[in-house]
**Student:** 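Got a structure for you, questions after.
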Protein chains: 2
Amino acid sequence: MTPSLDGILQQLECAEALEGLQTASVALRDHYNVAHIVYHWVSSSGQQYGCGTYSPEWVARYVEQAYLRVDPVVAGCYQKFHPVDWKRLDWSSKASRAFQKEAIEYGVGNQGFSIPIRGPNGQFALFTVNNDCSDEDWANFTETHRQHLIILSHAFNQKALELEPGRTPLAAQALSPREIDAMTLIAVGYSRAQVAVTLSISENTLRVYIESARHKLGALNTTHAVAKAIARGVIVV
Amino acid sequence: MTPSLDGILQQLECAEALEGLQTASVALRDHYNVAHIVYHWVSSSGQQYGCGTYSPEWVARYVEQAYLRVDPVVAGCYQKFHPVDWKRLDWSSKASRAFQKEAIEYGVGNQGFSIPIRGPNGQFALFTVNNDCSDEDWANFTETHRQHLIILSHAFNQKALELEPGRTPLAAQALSPREIDAMTLIAVGYSRAQVAVTLSISENTLRVYIESARHKLGALNTTHAVAKAIARGVIVV
DNA sequence: TTGCACCTCCCCTAAAATGGTGAGGGAGGT
DNA sequence: ACCTCCCTCACCATTTTAGGGGAGGTGCAA
C-alpha cells in the first residue's frame, strides 16, 4: 500500500536525519510510481549532500567522476529557479550526451523534472523526479503533479537546511549606519574618493569606517570585508 | 464573489504585464480576506519592482525613505529561503520599531508571512501576505494556507521573471574555472600575491583572470567584481 | 558622572592594485 | 580547417589602498 502524500509530508517534517529524507524519497517513488526521486544540494560550504533512489553504483560513479560539473540538469537548473523539464535542457554537447547515455545504463529514466531552490550564501538544491516513459505520459504527469512537487521540494529543502551541520551561529557584529553606508558604496564599485564625496566626509574619515567595519567583520582586507558583509546580508547590493 | 484560487493562478499565468500581477494581488486579497498581498523583487540589475495592495502612499514613503535597507522583513528573509512569519523576525532595534509603527499607521497589518525566493544572478523576491488579527488567528491562517502560498509565490515569481526586461544575456557571462578560483580566493581575503602562489601561477596571469572576470561581471573594480560574484552566487564564500 | 560607541578629521610611508596590450599553445565545437 | 574561448606569461607607469597612529566632538545609558 502506498502512503499518502500528506503522510509523507508529515513524516518528512518529523525526520531527524538524512535517513528521514531518504525514506521519504523511497515513499514518494512508490507513491507516484516513478523510477526515481532524488534530492541533492550544495551547502554554503560547498559540501555536497544527496539522498534518493538512484542506485548506489550510479551515485558513486556520479561523485567519483565529479559529474556535478557535467550534468546538464545541474547546469541548466542553476540558471533558473522554477521547475525544469529535462527535455528543455541543453543536451547538445558531447559530454552531455555521453553523460546521459551512461546515466540510462545505470537505470536512470529518460524523463525528468527538476525543481531548483536557491538559498542564501550559495546554497543550491535540486529536487528531481525521474521516470522512464513516453513524452506524452510525462507531460501529463508533470502537469498533474507540478504543484505537489513544488511543495515537496520546499519540504525537502527546509528539512535539509535544518539538518545541515554548522549552519552558522552567525554571531555577526552589527555595523554602524555610517559603516554600512561606506561598505555599501564600496561594494557597488566606488573608489574611496568617490565614496567620501558621496557621503560628504573626508577620505580620512571614510577610512576609519572601512577599517572599523573590517575589524568587526573579522576580515583581512577591504575586499574580504565586502565579501563577508554581502554573504552575511549585513549589506544589500 | 471571490474568485477561486485556481482561477487566480490561471489568470496569473496569462498575465502579460505588471498589471497582471497587480490584479492577481487584489484578487488574492479578496480571496483570502486579508489586509494585503504584496509581491516585490529585486532584479539582477538591482532594479526594484513591486506590486500589491499596499496604499500608494505607503509604497511612495517606502521607496522615498529607502526602507528596503531598514525593513526587518527584507533583512530577515534575505538570510533564509523558506517562509517566515514576521513574528519570528528581529524587531529589537529602534529603527525597526519606528518602521513598524509607521507601517501600521499607513494601514499595514500587524501580522505577516513572507516567502522569499531567490533566483540566479542575485534576483531576490518576496511574496507577502499581511493581515490585522490575533496571533492565534494568524497561526491558523498560515498553517492552513501555507502550501497554497508557496505555490502562489512560485507563480508570481515565474511570471515576474518572464516580465523582467533584458532578462537573458546573463548565462553567457559565466566565469571560467580559473576565474572562479581567482575570484574565490580574492573574496576570502587573499592578496593577489597569495592567490598567485596558491594557484601556482604568476601574478601576471592571475591579473588577467581578475580583469576578465571583472569585465564579464560588468564591475568597476575588483572589489565590485567580488561583490557581484557573491551576490549572484557565481562564487561561494 | 563616567563610561562607551559613534562621527569626524588629520598625519605618515610602503605596499598593493590598476589600467591596457601583445603573444603563444591548447581544447572544443561548426 | 577554422574559429573561439581558455590558460599562461610578460611589460609599462600611475593611482589607490594598506597598515598604524592620535584627537576632538556628540549622544546614550548604567
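Owing to the predicted nature of the structure, the values given are computational and were not obtained by experimental measurement. Here is the naming used below: chain letters follow the sequence lines, and residue numbers restart at 1 for every chain.
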**Student:** Report the nucleotide, chosen from C:dA17, D:dG20, C:dC10, that has the shortest atom-to-atom distance to any side-chain atom of B:S191.
**Tutor:** C:dA17

**Student:** Restricting to non-hydrogen atoms, name the atom on A:A187 and the atom on A:I230 that form the minimum distance, rounded to 0.1 Å.
**Tutor:** CB-CD1, 4.3 Å

**Student:** Taking the P atom in each of C:dA17 and D:dG20, what is the distance between them to the nearest angstrom?
**Tutor:** 16 Å

**Student:** When you measure from the side chain of B:T205, which nucleotide among C:dG29, D:dC9, C:dG19 comes out closest?
**Tutor:** D:dC9

**Student:** Once you round it to whole Å, what is the distance between P of C:dA16 and CG of A:L220?
**Tutor:** 14 Å

**Student:** To the nearest angstrom, how far is B:E211 atom CD from C:dG20 atom C1'?
**Tutor:** 8 Å

**Student:** How would you label the contact of B:R178 with the nucleic acid (heavy atoms, under 4.0 Å): base, sugar-phosphate, or nothing?
**Tutor:** sugar-phosphate

**Student:** Would you indicate, yes or no, if D:dC6 has its OP1 or OP2 atom less than 4.0 angstrom from a side-chain nitrogen or oxygen of B:Y209?
**Tutor:** no

**Student:** Rounding to a whole Å, what distance do you find between B:R207:CZ and C:dA16:P?
**Tutor:** 14 Å

**Student:** Rounded to whole angstrom units, what separation is found between the CG atom of B:L206 and the C1' atom of C:dT18?
**Tutor:** 13 Å

**Student:** Does the side chain of B:D71 come under 3.5 Å of the side chain of B:Y62 through a donor N or O and an acceptor N or O?
**Tutor:** yes

**Student:** Just compare C:dG29, D:dA10, C:dG20 and give me whichever is closest to any side-chain atom of A:K94.
**Tutor:** C:dG29

**Student:** Heavy-atom nearest nucleotide on DNA chain C for B:V208 versus B:T223: which residue maps closer to 5'?
**Tutor:** B:T223

**Student:** Do B:R118 and B:Y78 meet the cation-pi criteria used here (NZ or CZ under 6.0 Å from the six-membered ring centre, within 45° of the axis)?
**Tutor:** yes

**Student:** For A:E203 and C:dC10, what is the distance between atoms CD and P respectively, to the nearest whole Å?
**Tutor:** 11 Å

**Student:** Between B:D85 and B:R88, is the closest basic N to carboxylate O distance under 4.0 Å?
**Tutor:** no

**Student:** Rounded to whole angstrom units, what separation is found between the CD atom of A:E179 and the C1' atom of C:dC7?
**Tutor:** 10 Å

**Student:** What integer number of Å spans the P atoms of C:dT18 and D:dG19?
**Tutor:** 14 Å

**Student:** Could you please name the option among C:dT18, C:dG20, C:dC9 that lies closest to any side-chain atom of B:R192?
**Tutor:** C:dT18

**Student:** Counting the benzene-type ring for Trp, do A:Y32 and A:F141 have ring centres under 6.0 Å apart?
**Tutor:** yes

**Student:** Does A:K216 put a side-chain nitrogen or oxygen below 4.0 Å from OP1 or OP2 of C:dC6?
**Tutor:** yes

**Student:** A:T222 side chain: which of C:dC10, D:dT17, C:dG19 is closest?
**Tutor:** D:dT17

**Student:** Nearest nucleotide by nearest heavy atom, which residue falls closer to the 5' end of DNA chain C, A:S93 or B:A193?
**Tutor:** B:A193

**Student:** Nearest-Å distance, CD1 (B:I201) to P (C:dG24)?
**Tutor:** 21 Å

**Student:** So which nucleotide does D:dA30 pair with, by the Watson-Crick or G-U wobble rule with both distances under 3.5 Å?
**Tutor:** C:dT1

**Student:** Looking at B:E203 and B:R207, does any basic side-chain N land under 4.0 Å from a carboxylate oxygen?
**Tutor:** no

**Student:** NA contact type, A:I186, heavy-atom cut-off 4.0 Å: base, sugar-phosphate, or nothing?
**Tutor:** nothing

**Student:** For a quick test of reading the model: is some side-chain N or O of A:S212 closer than 4.0 Å to OP1 or OP2 of C:dC6?
**Tutor:** no

**Student:** Measure from CG on A:D181 to P on C:dC6 and round the result to the nearest Å.
**Tutor:** 14 Å

**Student:** Given that B:S176 and B:N221 both sit by DNA chain D, which one's nearest nucleotide is further toward the 5' end?
**Tutor:** B:S176

